[in-house]
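Working notes for the structure below.
These numbers come from the heavy atoms of this one structure, side chains and all, not from hydrogens, waters or symmetry mates. Note that the numbering runs from 1 along the sequence shown for the chain.
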Amino acid sequence: MTQPVVDFRSDTVTRPSAAMRQAMAEAKVGDDVYGEDPTVAALEARVAELMGKTAGIYVPSGTQSNLLALMSHCERGDEFIAGQDGHAYKYEAGGAAVLGSIQPQPLENLPDGSIALEKIEAAIKSDDAHFARTKLLALENTIGGKVLPQDYVLEATALARRHGLATHLDGARIFNAAVASGKSAQKLAEPFDSVSVCLSKGLGAPVGSVLTGDADLIGKAKRLRKMVGGGMRQAGIIAAGALYAIEHNIDRLADDHARAKRLAEGLARYDGLAVTTPQTNIFFVNADAAIGSAFSDWLAANGILVSGRYGEQRWVTHLDISDADVDRALAVAAAFFRR
Ligand SMILES: *Cc1c(COP(=O)(O)O)cnc(C)c1O
């Protein structure tokens, strides 16, 4: 008998629950390009409130949210500083450079996800015709599943402000960071001028992100959203799923973190596997050279899906992973090492 597939590739694979679909079916909608969709407006206000910002804008993806933030903070010929491993630099097809004519200045991420303060300071360019104008520091929390230390965030954003830079947080998984650290999302968001939040990751909504900031910044982002084709009409249908996710699925992220911990501990028992210790819902596994890809192949053949990047496995727990799914993954791993 074939077992159902268990999908640990990403927390983006979640599907809307029956209750979420019900909320979507009943959503009050209007033309949001005319500013007439009450559900979109409610979602934007709610996420802005949770981030302690005055305004929000609903967009189709986290990539578009970061792009609008970068383009709202920076003009053509400006520069933003970001982590070498940061999503806004590495995983967004170079959008800021291509579409915004904004130069990225990537800097190495340390093992805890931070960027050394001295490196940031040294990368901020003086007012000189040779240089692009350094305008923005963009950080990410969580990054690679790790919670950025808040003391570091306060120092880095203070440094940026001292040099007249704006600050942006890619908070795609800010609620994971909040639940794991016991600090409110508002507290984590406070040091930043703008914060992008994904609703379609572990929160389980089908579509969208909200960019939050002050009214001036979000006003700029609204024009840019139209420019890049992100103005949506009766988007309340999908915003209702996102609102449902905000109201119901934040506290339960702790379950995803507990399941990631149990999985990682179970896998770490095997000598041939090097397993990172999860702080939230993401961890990484490297198999010994002697095992090579045999472990990944075995998992795939037994319906356990993980993502593989650069020879490393990424395991992600989420709303659609149960305790039984964790048990099954551990049983499949145990069978591999018994062979
Ligand atoms: C997923 C993700 C994004 C982008 O979201 P999409 O909706 O996939 O475009 C941005 N930043 C981080 C940290 C992410 O994990």
Side-chain angles (χ1 to χ4, degrees), residues 31-82 88 92 95-97 99-105 124 127 132-141 153-154 156-172 174 185-199 208-232 235 239 242 246:
D31 188 330
D32 187 52
V33 173
Y34 288 168
E36 293 172 0
D37 191 300
T39 309
V40 170
L43 173 68
E44 291 171 341
R46 182 79 182 109
V47 178
E49 179 190 24
L50 284 167
M51 296 302 129
K53 307 298 178 203
T54 48
I57 183 170
Y58 185 47
V59 293
S61 69
T63 299
Q64 187 172 109
S65 187
N66 281 333
L67 176 66
L68 300 190
L70 294 168
M71 289 179 69
S72 298
H73 286 295
C74 303
E75 303 287 331
R76 181 163 187 259
D78 290 348
E79 171 183 83
F80 73 105
I81 294 175
E92 298 184 2
L99 302 165
S101 300
I102 306 163
Q103 162 169 290
Q105 168 62 73
I124 297 172
D127 184 4
R133 291 171 301 250
T134 314
K135 276 289 174 62
L136 177 73
L137 173 66
L139 299 178
E140 184 174 316
N141 197 10
V153 168
L154 292 173
T157 51
L159 167 67
R161 272 192 300 278
R162 265 202 315 279
H163 289 275
L165 272 60
T167 53
H168 172 68
L169 179 67
D170 180 350
I174 192 170
Q186 185 176 333
K187 191 99 199 144
L188 301 182
E190 195 171 15
F192 296 93
D193 297 313
S194 58
V195 180
S196 171
V197 182
C198 276
L199 292 324
S209 286
V210 174
L211 175 65
T212 64
D214 68 21
D216 183 43
L217 190 88
I218 299 306
K220 282 189 202 166
K222 189 165 260 181
R223 176 177 292 271
L224 292 163
R225 181 183 66 175
K226 194 78 184 97
M227 189 189 289
V228 298
M232 299 182 285
I246 289 285

Do Leu169 and Asn141 make a side-chain contact, defined as non-hydrogen atoms from C-beta onward lying under 4.5 Å apart? yes

Side-chain contact, heavy-atom cut-off 4.5 Å: Asp193 with Asp214? no

Could you tell me which non-hydrogen atom of Thr134 sits nearest to which non-hydrogen atom of Leu165, and how far apart they are? O-CD1, 3.7 Å

Can you name the closest pair of heavy atoms from Thr167 and Phe192 and give their distance? OG1-CA, 3.3 Å

In a check of side chain to side chain contact (heavy atoms under 4.5 Å, CB included) between Ser194 and each of Met51, Lys53, His73, which one passes? His73

State whether the number of non-hydrogen atoms from other residues, nucleotides or ligands found under 6.0 Å of Arg76 atom CZ is greater than 12. no

Shortest non-hydrogen contact from Val59 to Met232? C-CE, 4.2 Å

Drop me the distance from Leu137's CG to Leu159's CG, to the nearest 0.5 angstrom. 7.5 Å

Please name the pair of heavy atoms, one in Ala88 and one in Phe80, separated by the smallest distance, quoted to 0.1 Å. O-CZ, 4.2 Å

Mind checking the CG-CG spacing from Asp32 to Leu43? Nearest 0.5 Å is all I need. 10.0 Å

Measure from the side-chain N and O atoms of Arg133 to the backbone N and O of Glu75, and report whether any donor-acceptor pair falls under 3.5 Å. no

Nearest-0.5 Å distance, NE2 of residue His163 to CD1 of residue Ile81: 9.0 Å

Lys135 NZ: over 12 foreign heavy atoms closer than 6.0 Å: yes

Between Arg225 (side chain) and Gln64 (backbone), is there a donor-acceptor pair under 3.5 Å? no

If you take all heavy atoms of Val153 and Thr157, which pair is closest and at what distance? O-OG1, 2.7 Å

Just checking Arg161: does its CZ atom have more than 12 heavy atoms from other residues, nucleotides or ligands closer to it than 6.0 angstrom? yes

Rounded to the nearest 0.5 Å, how far does CG of Asp216 lie from OG of Ser72? 9.0 Å

Quick one, Ser196 with Ser65, criterion side chain to side chain donor-acceptor pair (under 3.5 Å). Give me CA distance, side-chain angles, the key distance, then yes/no. CA-CA 6 Å; Ser196 171; Ser65 187; 2.8 Å; yes

Would a distance-only check, ignoring hydrogens and angles, find a side-chain to backbone donor-acceptor pair under 3.5 Å from Ser209 to Gly62? yes

Please report the shortest heavy-atom distance between Ala156 and Leu139, naming the atom on each side. CB-CD1, 4.1 Å

The reported gap from CG in Leu217 to NE2 in His168 (rounded to nearest 0.5 angstrom) is 9.5 Å

Output yes when a side-chain donor or acceptor of Gln103 lies under 3.5 Å from a complementary backbone atom of Glu79, and no otherwise. no

Quick one: pull up CG in Leu224 and CG in Leu68 and give me the separation to the nearest 0.5 Å. 6.0 Å

